[in-house]
There are 2 protein chains.
Amino acid sequence: MRRGRPRSFDRDAALRAATMEFWDRGFEAVSIADLTRAMGVKAPSLYAAFGDKKTLFEEAIESYVREFGGFIDRALEEEPTARRAVARMLHEAASWQTLPGYPRGCMLISAATNCTPQSNEIAQGLVERRNEGIAAVERRIAADVEAGILPSDTDAHALAVYCTVVLHGMAQQARDGVDRATLEIVAHTAMAAWPAETDDIPG
Amino acid sequence: MRRGRPRSFDRDAALRAATMEFWDRGFEAVSIADLTRAMGVKAPSLYAAFGDKKTLFEEAIESYVREFGGFIDRALEEEPTARRAVARMLHEAASWQTLPGYPRGCMLISAATNCTPQSNEIAQGLVERRNEGIAAVERRIAADVEAGILPSDTDAHALAVYCTVVLHGMAQQARDGVDRATLEIVAHTAMAAWPAETDDIPG
DNA sequence: GCCATTCTATAGCGCCCACTAGATAATGTG
DNA sequence: CACATTATCTAGTGGGCGCTATAGAATGGC
């Protein structure tokens, strides 16, 4: 058995509380005092359990991605075509970005936007995660082009960037107060820009 | 003539320098020390000329909107239809958001994202400016619906939000490093989602 | 020349930040 | 029981923040 005095708080619950704070206001705007209050844990216990503020934030990001960000990968994996995957992704984003009782928008986008030099690596990490998201969509699109489902002259990169633009723009609008129903219409509207699939062309 | 010792720096140039700082990193992440360095002005002169940090930021926003944000209103005023206005707006955004030698993206979107309570009013002011942008696009769309240029079942609000989603998403992608050419394609792609204009329907 | 006025420079204010030293409490092990 | 180990608490640390008191420098008015 583990020796010494046992931890008196639920580490997972505390991490979830920290994630909500960071999601809501971002890395720099949330102070250690805010975190100890929200997590119900005094500073020394926080540092003992999670390291420093950056490490805690990174763990919060992991937790966020597991719980709220998995829908993108699931859509890309489970749907039969890139088009259906993106359509599902955008519609599910409308829900996730306006969940009642949770912060609006996407933590990967808004949690490290205004950065002092000391948190540049945090911001850089999120940029890489976002760009990896684009790359995943781009690979899915390229696969459909290869398979003849999408026209051979499709610009996979630009189309993937377009999808990401809509996704990130929706997150911004969710933060600004747009409701879920409107975002659903936006998601539907956005799909009208998707190129005609080869099967759609008669003859 | 104005009495007393004359100011030894160019107030407009100093304001432009401050605007660049705020545009690049946002309200909270730019310290007074950063500003005095960038503006070439010591703190007491800065406070004498611009009031406090919030007031300076607000003036920087005004300056930014005058110099870099006017293209939206111009497009909405000068183009004959909402469609052409939005198309022009998105294409010009691709340029403005990737200007060489200037920060990427849009200051109105990214300059007050991560906020401590003391800058909530700053963030709220930007939210209102952004929502006013949506409203302006929506009015232009509604006018075209009224005029029979757009289908009568057009959801003017949702379409305006879609346009804003694309605009803001482009700004985010510009910050993440997407180049102007790709954003131009994105802008063009996005317009494919625009509803068919009534004139386009034969018969 | 001399004063009132206005700007500039040095130096530092109080406050909050992320973080921690040191004492104490609660456990497993013998 | 005593002891090693680990967590917790109080009470800070040094440092950067926005901002400013005070003294000195540069102007116009007389």
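Excluded from the calculations below are hydrogen atoms, water molecules and symmetry mates; all remaining heavy atoms, backbone and side chain alike, are included. Chain naming here is simple, since letters A, B, ... match the order of the sequence lines and numbering starts at 1 in each. Since this is a predicted model, take the numbers as computed values, not measurements.
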Classify the angle between the aromatic ring planes of B:Tyr102 and B:Trp23 as parallel (below 30°), tilted (30 to 60°) or perpendicular (above 60°). tilted

Would you sort out whether A:Ser95 and A:Glu184 count as a side chain to side chain contact (heavy atoms under 4.5 Å, CB included), showing the intermediate values? CA-CA 8 Å; A:Ser95 304; A:Glu184 295 276 6; 3.9 Å; yes

On DNA chain D, more 5' by nearest nucleotide between B:Asp52 and B:Gly4 is B:Asp52

Pairwise 5' ranking along DNA chain D for B:Pro6 and A:Pro6, keeping only the more 5' one: A:Pro6

Mind running a 4.0 Å heavy-atom check of residues 19-38 of chain B against DNA chain C and sending the residues that fall below it, in number order? none

Side chain of B:Thr98, backbone of B:Ala94: donor and acceptor closer than 3.5 Å? yes

Evaluation steps, side chain to side chain contact (heavy atoms under 4.5 Å, CB included), between A:Leu183 and B:Tyr162: CA-CA 8 Å; A:Leu183 290 182; B:Tyr162 168 71; over 6 Å; no

Contacts of B:Phe50 that satisfy ring pair (Phe, Tyr, Trp, His ring centres under 6.0 Å) - sequence neighbours left out: none

Side chains of B:Glu28 and B:Thr116: any donor to acceptor distance under 3.5 Å? yes

Strand contacts (DNA chain C) in residues 39-50 of chain A, 4.0 angstrom heavy-atom criterion: A:Ala43, A:Pro44, A:Tyr47

Any salt bridge linking B:Glu77 with B:Arg84? Criterion: basic side-chain nitrogen under 4.0 Å from a carboxylate oxygen. no

Under 4.0 Å between a Lys/Arg side-chain N and an Asp/Glu carboxylate O for B:Arg104 and B:Asp24? no

Output yes when B:Arg140 and B:Asp144 qualify as a salt bridge under the 4.0 Å nitrogen-oxygen rule, no when they do not. yes

Should A:Glu78 and A:Arg88 be marked as a salt bridge (charged side-chain N to carboxylate O under 4.0 Å, His left out) after you check the CA-CA gap, both sets of side-chain angles, and the distance that decides it? CA-CA 10 Å; A:Glu78 296 174 5; A:Arg88 170 172 154 185; 3.0 Å; yes

Tell me, please, which residues at least two apart from A:Tyr47 pass ring pair (Phe, Tyr, Trp, His ring centres under 6.0 Å). none

Nucleotide interval of DNA chain D bounded by contacts with chain A (heavy-atom cut-off, under 4.0 Å): D:dA4 to D:dT10

Lys/Arg N to Asp/Glu carboxylate O, A:Glu132 vs A:Arg139, below 4.0 Å: yes

Bounded by its outermost nucleotides with an atom under 4.0 Å from a heavy atom of chain A, the footprint on DNA chain C reads C:dC17 to C:dT29

Just to verify, which of A:Arg66, A:Arg11, A:Lys53, A:Lys54 counts as forming a salt bridge (charged side-chain N to carboxylate O under 4.0 Å, His left out) with A:Glu59? A:Arg11

